[in-house]
Novice: 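Here's a structure for you.
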Amino acid sequence: MKIIYCVLGITLLISSLYLSYLKKDDEIFIRFHNLLDDKQKKEYNRIIVERITIYVIGIILGLVIGIYYLLSRPNDKYKLCKFLCIVYLIKLSVYYFYPKSKLMLYSLSTEEQVKAWADIYTEMKNRWKKSLMVGFFGYIILSFMI
């Protein structure tokens, strides 16, 4: 049962690293941004800043609780794996449960904008799924190497 901490923690770590190295300036984001009027661009940028802030709050809270765990359990055999689980699960939980303003979707006014937003949503969902697969298979490869 203890190995599940390592599977989950290392999978989330590799997944996070993989996501951070993916190409960021995709055509779909530029196309969507170009479809927005000035008021919508302002709202879009406000939402981006809000979501990044929530993400950073989650990371900081996860790190604080994770470090507290490390300091309070110095002899735990799986402390690094548990630390990773704590950090990433808290980060994800804070982002998921933290109250957010209305979705960008409600600020869109044309069918073309909605379609472009749906393309972004689909792309981001696929990136997340792919990163989890890369993270999991990365864990498997690492476990055989060690």
Side-chain angles (χ1 to χ4, degrees), residues 1-71 78-146:
M1 181 61 183
K2 301 267 186 186
I3 195 160
I4 193 72
Y5 296 116
C6 290
V7 172
L8 187 57
I10 293 172
T11 295
L12 290 172
L13 173 66
I14 293 170
S15 173
S16 181
L17 292 171
Y18 178 77
L19 271 175
S20 68
Y21 286 106
L22 281 178
K23 182 180 172 193
K24 299 283 189 262
D25 297 325
D26 281 344
E27 188 78 28
I28 59 172
F29 295 97
I30 295 167
R31 187 170 76 81
F32 175 71
H33 194 267
N34 290 339
L35 290 171
L36 302 176
D37 63 31
D38 288 340
K39 183 179 176 187
Q40 290 170 322
K41 285 177 183 176
K42 187 175 180 180
E43 178 66 9
Y44 182 57
N45 290 331
R46 188 195 61 73
I47 290 171
I48 290 171
V49 168
E50 175 191 59
R51 300 300 171 98
I52 289 172
T53 302
I54 295 167
Y55 183 82
V56 170
I57 289 169
I59 289 173
I60 291 169
L61 185 60
L63 284 170
V64 167
I65 294 172
I67 290 169
Y68 172 77
Y69 172 80
L70 285 177
L71 295 174
Y78 295 95
K79 69 182 178 182
L80 180 60
C81 294
K82 290 179 182 178
F83 169 78
L84 291 171
C85 284
I86 290 167
V87 170
Y88 284 105
L89 291 176
I90 288 176
K91 176 190 78 166
L92 292 169
S93 296
V94 166
Y95 190 82
Y96 183 78
F97 290 109
Y98 195 94
K100 299 170 190 75
S101 60
K102 67 180 184 169
L103 299 171
M104 184 63 199
L105 184 61
Y106 296 113
S107 298
L108 304 179
S109 55
T110 69
E111 188 174 330
E112 189 177 19
Q113 289 174 340
V114 172
K115 183 182 177 332
W117 184 249
D119 291 342
I120 288 174
Y121 178 81
T122 302
E123 172 68 19
M124 295 308 287
K125 188 168 71 169
N126 288 338
R127 284 183 186 187
W128 172 243
K129 287 190 282 187
K130 184 178 179 183
S131 76
L132 286 175
M133 288 189 300
V134 167
F136 180 70
F137 290 118
Y139 166 78
I140 290 173
I141 291 167
L142 279 175
S143 68
F144 283 120
M145 293 173 67
I146 295 177

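Counting from 1, the numbers follow the sequence of the chain as shown. Predicted model only: the values in this text are computed from it and were never measured.
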Novice: Distance-only, no hydrogens or angles: does the S143 side chain make a donor-acceptor pair with backbone N or O of I140 under 3.5 Å?
Specialist: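 It does hold such a pair.
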Novice: Does D38 pair with K42 as a salt bridge, N-O distance under 4.0 Å?
Specialist: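 Judged by the 4.0 Å cut-off on N to carboxylate O distance, D38 and K42 do not form a salt bridge.
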Novice: Would the distance check show the side chain of Q113 and the main-chain N or O of L35 forming a donor-acceptor pair, the cut-off being under 3.5 Å?
Specialist: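 Yes; judged by distance alone, with no hydrogens or angles, the pair exists.
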Novice: For the NZ atom of K82 and the CG atom of L70, what is their distance to the nearest 0.5 Å?
Specialist: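 Spacing of NZ (K82) from CG (L70) equals 11.0 Å.
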Novice: Quick one: side chain to side chain donor-acceptor pair (under 3.5 Å) pairs with a partner in residues 51-68, sequence neighbours left out?
Specialist: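 Qualifying pairs: Y55-K91.
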Novice: Show the numbers, then the answer: is there a side-chain contact (heavy atoms from CB on, under 4.5 Å) between I47 and S101?
Specialist: CA-CA 8 Å; I47 290 171; S101 60; 4.3 Å; yes
Novice: Identify the two heavy atoms, one from C85 and one from L8, that lie closest to each other, and give their separation to 0.1 Å.
Specialist: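 Smallest interatomic distance, heavy atoms only, reads SG-CB, 3.8 Å.
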Novice: Would one find more than 12 heavy atoms of other residues, nucleotides or ligands at under 6.0 Å from atom NZ of K41?
Specialist: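 Yes, NZ of K41 has more than 12 neighbouring heavy atoms, counting only those of other groups under 6.0 Å.
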Novice: If you measure from CG on L132 to CG on L12, what distance do you get to the nearest 0.5 Å?
Specialist: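 It comes to 7.0 Å.
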Novice: For N126, look at atom CG and say whether over 12 heavy atoms of other residues, nucleotides or ligands are found less than 6.0 Å away.
Specialist: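 Above 12, so yes.
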Novice: Given side-chain contact (heavy atoms from CB on, under 4.5 Å), test L36 with L108 step by step and report yes or no.
Specialist: CA-CA 8 Å; L36 302 176; L108 304 179; 3.8 Å; yes
Novice: I'd like to know whether NZ of K100 has more than 12 heavy-atom contacts from other residues, nucleotides or ligands below 6.0 angstrom.
Specialist: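 Buried by this count: over 12 neighbours within 6.0 Å.
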Novice: Does the side-chain contact (heavy atoms from CB on, under 4.5 Å) test come out yes or no for V114 and L105, once each step is laid out?
Specialist: CA-CA 7 Å; V114 172; L105 184 61; 4.1 Å; yes
Novice: Above 12 or not: heavy atoms from other molecules or residues under 6.0 Å from CD of E123?
Specialist: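 Counting neighbours around CD of E123, more than 12 heavy atoms of other residues, nucleotides or ligands fall under 6.0 Å, so yes.
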Novice: Got a second to check how far S107's OG is from K39's NZ, nearest 0.5 Å?
Specialist: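 The OG atom of S107 sits 8.0 Å away from the NZ atom of K39.
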Novice: Between S131 and W128, is there a donor-acceptor pair closer than 3.5 Å when you use the side chain of the first and the backbone of the second?
Specialist: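 Such a contact is found between S131 side chain and W128 backbone.
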Novice: State which residue, out of Y88, F136, F137, fulfils the side chain to side chain contact (heavy atoms under 4.5 Å, CB included) condition with T11.
Specialist: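 Output: one option passes, namely F136.
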Novice: Give a yes or no on whether the backbone of L13 and the side-chain of S16 come within a donor-acceptor separation of less than 3.5 Å.
Specialist: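 Looks like no, no N/O pair under 3.5 Å.
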Novice: Going by the rule side chain to side chain contact (heavy atoms under 4.5 Å, CB included), which residues pair with M124 if we only count those two or more places apart in sequence or in a different chain?
Specialist: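 If we apply the side chain to side chain contact (heavy atoms under 4.5 Å, CB included) test to M124, skipping adjacent residues, the hits are F29, I120, R127.
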Novice: Can we say R46 and E43 salt-bridge, meaning some charged N sits less than 4.0 Å from an Asp/Glu carboxylate O?
Specialist: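 Yes, this pair counts.
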Novice: Can you tell me how far the OG atom of S93 sits from the CG atom of L61, to the nearest 0.5 Å?
Specialist: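 Nearest 0.5 Å value for the OG-CG distance: 10.0 Å.
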Novice: Taking the side chain from D26 and the backbone from I28, do they hold a donor-acceptor pair closer than 3.5 Å?
Specialist: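 No; zero donor-acceptor contacts below 3.5 Å.
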Novice: Going through the distances and angles, do I86 and F83 end up as a side-chain contact (heavy atoms from CB on, under 4.5 Å)?
Specialist: CA-CA 5 Å; I86 290 167; F83 169 78; 5.7 Å; no
Novice: Once ring-ring contact (aromatic ring centres under 6.0 Å, His included) is applied, do any residues pair with F32, and if so which ones, sequence neighbours excluded?
Specialist: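 F32 satisfies ring-ring contact (aromatic ring centres under 6.0 Å, His included) with Y44, W117 only.
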Novice: Mind listing the closest non-hydrogen atom pair of G62 and V87 along with its distance?
Specialist: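 Result for this residue pair: O-CG2, 3.5 Å.
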Novice: With rounding to the nearest 0.5 Å, note down the distance linking CD1 in I60 to CD1 in I65.
Specialist: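 It is 12.0 Å, given to the nearest 0.5 Å.
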Novice: Grab the two heavy atoms, one from I54 and one from P99, that are nearest each other, plus how far apart they are.
Specialist: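 Result for this residue pair: CD1-O, 4.2 Å.
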